[in-house]
Amino acid sequence: QVQLVESGGGLVQAGGSLRLSCAASGRTSTHYVMAWFRQAPGKERDIVAALRWSGGNPYYVDSVKGRFAISRDNAKNTVYLQMNSLKPADTAVYYCASGNLLRTDHESYAYWGQGTQVIVSS
C-alpha cells in the first residue's frame, strides 16, 4: 500500500502562484511514477503533470506548459507542483497519484491522495 497526502491548495487571484505538495509513505519502493490530476465540477479527472522517481523528462498537459512545474524530493518521498500564472480555468480539486507507468489516463494509477482544492479568482 502507498499513502499519499496532498497539501498546499487554497484561494488565489488570477496571475498568482501556489505550490502543492504530495507526501508519499508506505511501500513507496513499489511505485515508479507520480502524477498530478485535477477535476473541476462536472468534468473528468484529467492529468496535469507526471514524472518518474528515477528521473527523465516530466510530462505536462499542453494547457499548463510554461506555467506549472513538477518536481520531486526523493529523500522526502515528496512531489511538488509549482503553479504560476494561475488562471480561473485552473480551478479544480487537485489530486496526486502513484503508479507503475507514466500514463495519462487516471485508470492507470492505483493510489490516490484525498485531493486539495485550488480556487483561482478573476
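- Side-chain contact between Ser17 and Val12 is absent, with no heavy atoms from C-beta onward closer than 4.5 Å.
- At least one side-chain heavy atom of Trp112 sits under 4.5 Å from a side-chain heavy atom of His106.
- A tilted orientation is assigned to the rings of Phe68 and Tyr94, their planes being inclined by 30° to 60°.
- How far CZ of Arg52 is from CG of Asn57: 8.5 Å, rounded to the nearest 0.5 Å.
- The cationic group of Arg38 does not satisfy the cation-pi geometry with Tyr95, failing either the under 6.0 Å distance to the six-membered ring centre or the 45° limit from the ring axis.
- Nearest heavy atom pair, residue Gly99 against residue Tyr109, reads N-CD2, 3.7 Å.
- Within the model, atoms OG of Ser25 and CG of Asn77 stand 8.0 Å from one another, a figure rounded to the nearest 0.5 Å.
- Residues Leu51 and Tyr59 form no side-chain contact, since every pair of their non-hydrogen atoms from C-beta on lies 4.5 Å or further apart.
- Of the inter-residue distances, the one linking Leu18 atom CG with Ile119 atom CD1 reads 10.5 Å to the nearest 0.5 angstrom.
- Inter-residue side-chain proximity for Ile70 and Val79 is flagged as met; some heavy-atom pair is nearer than 4.5 Å.
- Taking the ring centre of Tyr80 as origin, the terminal cationic atom of Arg19 falls inside the region bounded by 6.0 Å and 45° from the ring axis.
- Put simply, the side chain of Glu44 does not reach to within 4.5 Å of the side chain of Phe37, judged on heavy atoms.
- For the residue pair Asp73 and Thr78, no side-chain donor N or O sits within less than 3.5 Å of a side-chain acceptor on the partner.
- The 12-atom threshold is not exceeded at CZ of Arg103, counting heavy atoms of other residues, nucleotides or ligands nearer than 6.0 Å.
- Here the straight-line distance linking atom OG of Ser122 with atom CD of Gln13 works out to 9.5 Å at 0.5 Å rounding.
- Annotation for Glu107: atom CD counts as buried by contact number, over 12 foreign heavy atoms lying within 6.0 Å.
- When all heavy atoms are compared, the tightest approach of Val33 to Leu102 is CG2-N, 3.4 Å.
- Taken from CD in Gln1 to OG in Ser98, the straight-line distance is 11.0 Å, to the nearest 0.5 Å.
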(message) Does Lys65 form a salt bridge (charged side-chain N to carboxylate O under 4.0 Å, His left out) with Asp62? I'd like the steps, not just the answer.
(response) CA-CA 5 Å; Lys65 285 181 179 178; Asp62 285 347; 3.0 Å; yes
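- Counting heavy atoms from C-beta outward, Leu20 and Glu6 have side chains that stay 4.5 Å or more apart.
- By the 4.5 Å heavy-atom criterion applied to side chains, Val48 and Leu81 are counted as neighbours.
- Judged by distance alone, with hydrogens and angles left aside, the side-chain atoms of Gln117 form a donor-acceptor pair with the main-chain N or O of Ala92 at under 3.5 Å.
- When all heavy atoms are compared, the tightest approach of Leu11 to Ser121 is CD1-CB, 4.4 Å.
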